[in-house]
Amino acid sequence: MPETNLLKNGTSAVPTVQTPLPNYIDNEWQKSTANELLDVTNPATGEVLTRVPLSPTEEVHQAATAAAAAGHEWRRTPAVQRIQYLFTLKNLLEENLDDIAKTITLECGKTLDEARGEMRRAIENVEVACGIPTLMQGTNLEDIATGIDEFMIRQPVGVCAAIAPFNFPGMITFWFLPYAIACGNTYIVKPSEKVPITMQKVFQLLEQTGLPKGVVNLVNGGRETVDAILTHPDIRAISFVGATATAKAIYAKAAANGKRVQCQGGAKNPLIVLPDADPEFTINATAESAFGCAGQRCLAASLTLTVGAARNWFTEAIADTATNRVVGNGLEDGIEMGPVITPESRKRIEGLIQAGTDEGAQLLVDGRYPSIPGGENGNFIRPTILNNLNPQGEIAKTEIFGPVLGLIHVETIDDAIELINSGSYGNMACLFTRSGASARKFRYEAEIGNIGINIGVAAPMAFFPFSGWKDSFFGDLHGQSWDAVDFFTQKKVVVERWV
Ligand code: NAD
């Protein structure tokens, strides 16, 4: 297969990639037999980087068969030996961090700093999973009756799979894969067809760790590929991250097929600003949350609810900050915000901005149709502010997934919390204040899984679970940390008498 340079500008550590992208099954790079291939494009330039196959059912079957066969030996490999591969992977990820970050920027559009930050969280998850010999321990009680002991041990589930979204091409697989394999499972990854190159890089590193055949597998694809994963009898557990509509459908189908399943969905994340908040800090944190990664984080702020007098200092200052944000190609120095993922996404976001104004909002900063030097074919939208957004309208409830912040002004913190709790999502909410009592009230009453107090992006570190609620999550156990250990193990309880 031909290999091409992705960067045309002579930058060092140039990422390279094959066309079309191969799958990685049973430790072999295999050309897919897919009839359908999609272009993978650079969102900043519109340039085609490579082509991705939409792998047919048969290729999922090959991966599942390889993973099932590998599982026999892998679960018998002591946990202390299994984690040695993760220590090697951590070092390889550190050494190749810049190359992977450039790849993320090229195919996803975010800035290099954002891409590096994404990979730091990925590495952190590998580090946490290296603790599996401790984290995977069971419990026991001697003499539940005289001479009888009872204990609980954890065993791997079997073949597990991840289905990933476009917005974190590197990190999201790492919420799952390191824990899964450290616990003795074998694994299949289906990346987003919009950003499949980063996983090629990651799997090249996984190959270098010397993991036994079939322990980790990569199958590129779209709906047919996902359907094959959801119905394959050898695949026992599925982790999905993506839009709520997809999450709901995948949760239902996987559960109907008897799988263990965790599905993280979309969001509409509000920030509350109280009058006593530190203005400069709050504005900077809000801008970073709303416009970082071009608003394409599941933890991006989409609404700000200013309480009382906060409206006066917040509105003008956030408009200034939005207007002055430096937008362009994320590979260039000094760029603070890149493009959104596709032309379709840009058009959808432009339509939602229009819908917000149709519902009565004031278009305080209009980021549509910007002129970005060199970005004529890119999917650019500048930061946009919809002031006085109708709290009962559709746009106050719809995930925009772009650099658009809606402002709603309320009288009390109770009004703000009531509005937040009336929404259907529960991914993240943040409060800016200097009052401990207000912070406690908010933390206690908000029906939201990830809470920030004077934090704009309340992303849990790898040693805590990533905890969405309501329509932002379907399932029980979340990604990362001890939830991941619970998800990737099944409990066995033994009652034993030897006398
Ligand atoms: P998406 O739902 O369109 O796609 C996610 C994955 O599902 C992809 O691999 C895609 O190939 C597959 N897919 C899409 N439609 C499918 C269908 N009908 N049948 C089977 N498979 C299908 O999501 P996206 O646009 O890639 O990602 C953005 C969304 O992900 C946003 O809604 C964002 O909030 C959400 N997200 C949530 C979290 C979280 O932790 N809650 C994290 C990141 C992203």
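When a ligand or atom number is given, it counts from 1 through the structure's own listing order. Only a predicted model underlies this, so the values are computations on that prediction, with no experimental measurement involved. Both backbone and side-chain heavy atoms feed into the values below; hydrogens, waters and symmetry mates do not.
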Yes or no: does [X] have any heavy atom under 4.0 Å from an atom of ligand 1?
X      : answer
Gly468 : no
Phe401 : yes
Ile172 : yes
Phe240 : yes

Quick check on [X]: does its [atom1] atom have over 12 non-hydrogen neighbours (other residues, nucleotides or ligands) under 6.0 Å away?
X      : atom1 : answer
Glu36  : CD    : no
Gln354 : CD    : yes
Tyr369 : OH    : yes
Arg236 : CZ    : no

For residues [X] and [Y], report the shortest heavy-atom separation together with the two atoms involved.
X      : Y      : value
Asn185 : Val215 : O-CG1, 4.5 Å
Phe442 : Leu431 : CD2-CB, 3.4 Å
Asp39  : Arg51  : OD1-NE, 2.9 Å
Met428 : Pro270 : O-CD, 3.2 Å
Leu86  : Pro178 : CD1-O, 3.7 Å
Thr286 : Phe432 : OG1-CE1, 4.5 Å

If hydrogens are left out, which of [options] has an atom nearest to [atom], that is, the closest non-hydrogen atom?
atom                    : options                        : value
atom 41 (N) of ligand 1 : Ser472, Cys263, Ala162, Gly265 : Gly265
atom 17 (C) of ligand 1 : Glu399, His478, Arg223         : Arg223
atom 39 (C) of ligand 1 : Cys298, Ala247, Pro169, Gly222 : Cys298
atom 5 (C) of ligand 1  : Ile163, Val241, Ile250, Ile341 : Val241

Part of [X] within contact of ligand 1 (heavy atoms, under 4.0 Å):
X      : result
Phe168 : neither
Glu193 : side chain
Tyr425 : neither
Gln296 : neither
Thr244 : neither

Contacting atoms of ligand 1, where contact means under 4.0 angstrom from a heavy atom of [X]:
X      : value
Ala243 : 1 (P), 2 (O), 23 (O), 29 (C), 30 (O), 32 (O)
Lys190 : 8 (C), 9 (O), 10 (C), 11 (O)
Ser192 : 9 (O)
Phe466 : 40 (O)
Asn427 : 41 (N)
Trp175 : 40 (O)

Of the protein's non-hydrogen atoms, which lies at the shortest distance from [atom], and what is that distance?
atom                    : answer
atom 24 (P) of ligand 1 : Phe166 CD2, 3.6 Å
atom 20 (C) of ligand 1 : Val226 CG1, 3.5 Å
atom 44 (C) of ligand 1 : Asn167 OD1, 3.3 Å
atom 40 (O) of ligand 1 : Gln264 NE2, 2.7 Å
atom 27 (O) of ligand 1 : Pro165 CB, 3.3 Å

Cationic N near anionic O, under 4.0 Å, Glu124 to Arg120: no
Is any NZ, NE, NH1 or NH2 atom of the basic residue among Glu94 and Lys90 found under 4.0 Å from an Asp or Glu carboxylate oxygen of the other? yes
I want to know if ligand 1 touches [X] in the polar sense, i.e. an N/O pair below 3.5 angstrom.
X      : answer
Thr246 : yes
Gly242 : yes
Ala164 : yes

State whether a side-chain donor-acceptor pair under 3.5 Å links Tyr179 with Asn125.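 Present: a donor and an acceptor within the cut-off.
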Which label fits Tyr24 and Trp29: parallel for a plane angle under 30°, tilted from 30 to 60°, or perpendicular past 60°?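 If you compare the ring of Tyr24 with that of Trp29, the planes turn out tilted.
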Phe488 vs Tyr187 aromatic rings, parallel, tilted or perpendicular, using cut-offs 30° and 60°? perpendicular
Report yes or no: is the cationic atom of Lys110 (NZ for Lys, CZ for Arg) under 6.0 Å from the centre of the six-membered ring of Phe168, at an angle within 45° of the ring normal? yes
